[in-house]
Number of protein chains: 2
Amino acid sequence: MDRRVKKKDDDTSGKERPTLKTLAFMTGLGVTTVSRALKDAPEIGAETRRRVQLVAKQIGYRPNRAGVRLRTGKTNVISLVLDTEREIMSFVSDIIYGVTEVIADTPYHLIVTPYSRSQDPLDPVRYLVETGSADGVIISRTQPNDPRARYMLERGIPFATHGRTDMGLVHPYHDFDNYAFAGEAVRYLAGRDRNRLALVTPPVGLTYYGHTVNGFADALSEVGASEVPFNTVSIDHTIEQIRMRTAQLMRRDDRPDGIVSSAAAATLAVVAGIEDAGLTLGRDVDVVSKQSSELLHLFRRELLVVNENFRLAGSELARAVLGWIGGKEPGSLQSLSKPGEVLPYRG
Amino acid sequence: MDRRVKKKDDDTSGKERPTLKTLAFMTGLGVTTVSRALKDAPEIGAETRRRVQLVAKQIGYRPNRAGVRLRTGKTNVISLVLDTEREIMSFVSDIIYGVTEVIADTPYHLIVTPYSRSQDPLDPVRYLVETGSADGVIISRTQPNDPRARYMLERGIPFATHGRTDMGLVHPYHDFDNYAFAGEAVRYLAGRDRNRLALVTPPVGLTYYGHTVNGFADALSEVGASEVPFNTVSIDHTIEQIRMRTAQLMRRDDRPDGIVSSAAAATLAVVAGIEDAGLTLGRDVDVVSKQSSELLHLFRRELLVVNENFRLAGSELARAVLGWIGGKEPGSLQSLSKPGEVLPYRG
DNA sequence: TTGGCAATCTGTAACGTTTCAGTATATTGA
DNA sequence: TCAATATACTGAAACGTTACAGATTGCCAA
């Protein structure tokens with residue numbers, strides 16, 4: 001008649017998810033001991049430790065994330081912060097996979113934190129830090145003087161940037177060597193007797209804009225070629241804009257005979273523009289382009305490509321953040337990926 | 001001399017993140033009252049409610065996720081489960097952005113849960129459910145008899161599938177009408193006097209494989225065209241495989257004069273294969289392809305395209321899961337996106 | 001006056017974890 | 001022998017939240 005709610009603690013039904021209390025009951029130990037045994041604390045007897053760990057494995061114990069997080073503040077979350085409007089498509093996909101590859105056998109989860117063109121890029125980062133939503137952050141579209149990096153450094157939250165900064169501050173990053181890329185591209189074109197070159201730049205304001213432009217300029221003077229200015233577009237522009245402006249450029253008398261492009265999508269537009277102007281790729285003009293998936297050679301065999309591996313970038317960035325969280329020196333968590341050689345189409 | 005650790009509760013420094021206790025102290029109310037006032041509970045006086053909410057807004061109070069999660073089990077997390085090897089690149093990017101668009105003004109976070117070819121696709125879902133890591137799940141690559149959907153239905157966790165199932169079970173989904181797509185493609189090709197048609201299918205085993213194949217077959221008999229079997233590839237195959245097999249196909253005497261392709265990347269390979277065989281797109285053969293970004297017309301103007309909007313899919317899926325979590329009927333959260341018309345290139 | 005009731009508000013416990021401050025027992029050194 | 005110390009373990013408190021079971025007040029009907 002007294003059907004009151006079942007008291008807790010006598011829950012041996014095994015249906016609920018096991019907690020430390022479950023383990024404590026099963027092993028006859030205290031909750032504290034179990035907790036310490038699981039994390040190999042030194043003050044626990046060797047046999048007890050083994051016993052607890054065995055039982056834990058047997059019943060498939062997994063620490064409750066909310067419990068840990070509430071108590072310790074550790075979220076076991078890495079956040080990837082992305083611009084939902086300007087990020088390269090394959091970048092998003094590959095970098096996510098690269099990150100997940102690395103965190104797969106860790107307790108970390110990956111959350112994607114978006115922001116859009118209209119917002120301050122600092123907003124999402126501020127949100128993450130203020131709400132303590134992540135143990136580590138990965139950002140892209142890095143600027144030489146990046147307020148996000150500065151902010152996170154101030155607040156002491158581990159992060160890694162895709163691309164470098166130039167503020168005299170040390171933090172983990174992964175970057176592709178765009179200086180080398182632009183240089184290689186120019187030298188390759190020079191080797192084909194192209195000596196009036198134009199550059200489709202990265203977005204103005206991002207650090208690798210500078211790297212690319214410098215690599216381009218330095219190599220130009222090295223090989224004695226000249227630049228045909230093409231400052232009206234960057235790879236952030238729409239396909240249509242790039243196409244139109246390329247067509248304009250290619251109709252001029254002083255048109256370039258070689259173009260270096262910093263992204264595959266832009267290259268599609270550039271080629272369209274070239275053809276709009278009635279010119280032929282490979283004959284009238286050569287184009288060297290970065291790409292992150294193997295599609296440009298399907299597009300036009302005459303294209304010359306350099307591969308950039310975003311999946312690798314994702315892995316490196318994840319490793320860097322985890323390393324920092326794990327106490328490594330930020331300065332030791334920086335990596336630069338060298339471009340491979342310029343590849344013409346091979347049957 | 002007695003510098004013991006600062007007792008809690010007298011923390012008016014305002015430097016720490018505010019909690020309910022902070023609010024309680026500031027308003028002079030009890031923690032319980034504050035909690036209820038913030039969620040508009042009816043037993044709180046109108047003025048008190050307003051007062052609490054005002055103060056909360058002023059000091060930027062945000063509920064601690066770990067606290068809520070521990071107490072209620074609510075994670076405020078949606079998980080997107082992805083195959084890290086076979087998912088279409090633009091799919092990943094766009095669907096993520098679609099989802100984040102919808103959850104942007106909710107307390108939800110998006111976590112990406114990956115699995116790879118070698119694993120059972122059920123693994124990640126089981127993990128999510130068993131560890132209670134998400135309030136809702138979105139899966140793709142849906143099968144007619146999908147163990148993941150069945151499992152989640154059994155366990156009572158809200159989810160939505162990209163693509164339909166066919167198990168007689170009701171659950172939210174969003175799907176593109178691939179039956180209609182294949183039909184439209186066939187009819188369009190028939191209108192151009194193409195009547196020996198081949199189909200580059202979706203991955204065998206996924207639900208939309210069946211839809212596509214049926215739409216193709218039904219339209220074929222409707223217009224009196226015939227099928228050139230091309231069962232050796234699907235869009236899951238590599239670029240190289242598709243290219244090679246297309247070339248083989250196109251070298252045969254009974255080659256098709258029209259091809260319908262279910263994905264843009266496959267289409268690039270198909271076109272390469274066609275050209276490998278010495279044929280010309282638009283003259284010897286027409287190709288109708290689905291695409292999710294506007295690049296096929298840059299690739300070859302002769303291509304005929306139908307657009308599929310993955311960003312929309314992401315939004316719809318997110319809306320569906322949130323709807324289910326919010327108590328709506330799963331049956332009312334299903335949507336089907338009709339394909340637009342077949343588009344030839346327009347200068 | 002009393003009891004009942006509605007309207008507001010409050011303290012306590014609990015979610016699962018880790019940390020702090022122990023306790024109990026065995027071991028060591030002198 | 002006794003105290004000091006090392007070893008192995010433990011209960012209670014706390015993280016921030018919500019649910020439960022009251023408590024207090026004022027008002028009204030009987």
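This structure is a prediction, so every number in the text was calculated from the model and none was measured. Letters A, B, ... are given to chains in the order of the sequence lines, protein chains preceding strands, and every chain is numbered from 1.
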**Student:** Are K21(A) and dG16(C) close enough that a side-chain N or O sits under 4.0 Å from OP1 or OP2?
**Tutor:** no

**Student:** Give the rounded distance in Å between these two atoms: NZ of K39(B) and C1' of dT17(D).
**Tutor:**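 Those two atoms, NZ and C1', are 8 Å apart.
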
**Student:** CD of E43(B) versus P of dC5(C): gap in Å, rounded?
**Tutor:** 19 Å

**Student:** Please tell me if S35(A) has a side-chain N or O lying less than 4.0 Å from either OP1 or OP2 of dT18(C).
**Tutor:**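 Result: yes.
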
**Student:** Just the rounded figure in Å: distance from C1' of dT10(C) to CZ of F25(B).
**Tutor:**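 About 17 Å, once rounded to whole Å.
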
**Student:** Do you see a donor-acceptor pair shorter than 3.5 Å between the side chains of T165(A) and Q143(A)?
**Tutor:**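 No donor-acceptor contact under 3.5 Å links the two side chains.
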
**Student:** Classify the nucleic acid contact of T33(A) as base, sugar-phosphate or nothing, counting any heavy atom under 4.0 Å across all strands shown.
**Tutor:**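 The answer is base, as T33(A) lies within the cut-off (heavy atoms under 4.0 Å) of a base atom.
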
**Student:** Using heavy atoms to find the nearest nucleotide of DNA chain C for V34(B) and V68(A) separately, return the residue whose nucleotide is more 5′.
**Tutor:**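 Comparing both residues, the 5'-ward one is V34(B).
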
**Student:** So what does T19(A) hit on the nucleic acid, given a heavy-atom distance under 4.0 Å: a base, only sugar-phosphate, or nothing?
**Tutor:** sugar-phosphate

**Student:** Can you name the closest pair of heavy atoms from A160(B) and V321(B) and give their distance?
**Tutor:**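 For A160(B) versus V321(B), the nearest heavy atoms are CB-CG2, 3.5 Å.
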
**Student:** Closest-nucleotide mapping onto DNA chain C: is T72(B) or R49(B) further toward the 5' terminus? I mean the 5' end.
**Tutor:**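 The residue mapped nearer the 5' terminus is R49(B).
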
**Student:** Got a donor-acceptor pair under 3.5 Å from the side chain of R36(B) to the base of dT10(C)?
**Tutor:**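 Check passes, donor-acceptor contact within cut-off.
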
**Student:** May I ask you to decide if R311(A)'s main-chain N or O and S315(A)'s side chain share a donor-acceptor pair within less than 3.5 Å?
**Tutor:**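 Flag set: sc S315(A) to bb R311(A) pair under 3.5 Å.
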
**Student:** Is T32(B) side chain donor-acceptor paired with the dA19(D) base, going by distance under 3.5 Å alone?
**Tutor:** yes

**Student:** Considering only dG16(C), dT17(D), dC9(C), which nucleotide approaches the side chain of N64(A) most closely?
**Tutor:** dG16(C)

**Student:** Look at the side chain of R71(A) and decide which nucleotide, out of dT17(D), dG16(C), dC9(D), has an atom nearest to it.
**Tutor:** dG16(C)

**Student:** Taking atom C1' of dG16(D) as reference, at what distance in whole Å does atom CD of E16(B) sit?
**Tutor:**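 Interatomic distance, CD of E16(B) to C1' of dG16(D): 13 Å.
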
**Student:** 5'-most contact on DNA chain D: R65(B) or L29(A), nearest heavy atom basis?
**Tutor:**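 Its nucleotide being nearer the 5' end, the pick is L29(A).
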
**Student:** Starting from C1' on dT18(C), measure out to CD1 on I44(A) and report it in whole angstrom.
**Tutor:**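 About 13 Å, once rounded to whole Å.
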
**Student:** Between R17(B) and T131(A) (side chain of the first, backbone of the second, donor and acceptor by atom type, cut-off under 3.5 Å), is there such a pair?
**Tutor:**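 Yes: the side chain of R17(B) pairs with the backbone of T131(A).
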
**Student:** Taking CG from N76(A) and P from dT17(C), how many angstroms apart are they, rounded to a whole number?
**Tutor:**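 The answer, rounded to whole Å, is 13 Å.
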
**Student:** Are there over 12 heavy-atom neighbours, none belonging to E47(B), within less than 6.0 Å of that residue's CD?
**Tutor:** no

**Student:** In this structure, how many angstroms lie between the C1' atom of dT17(D) and the CG atom of L70(B), rounded?
**Tutor:**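 After rounding, the gap between these two atoms is 8 Å.
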
**Student:** If you look at every strand shown and take non-hydrogen atoms under 4.0 Å, does G67(B) touch a base, only sugar-phosphate, or nothing?
**Tutor:** base

**Student:** L20(B) CG to dT10(C) C1': how many Å, rounded?
**Tutor:**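 The distance from CG of L20(B) to C1' of dT10(C) comes to 14 Å, rounded to the nearest Å.
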
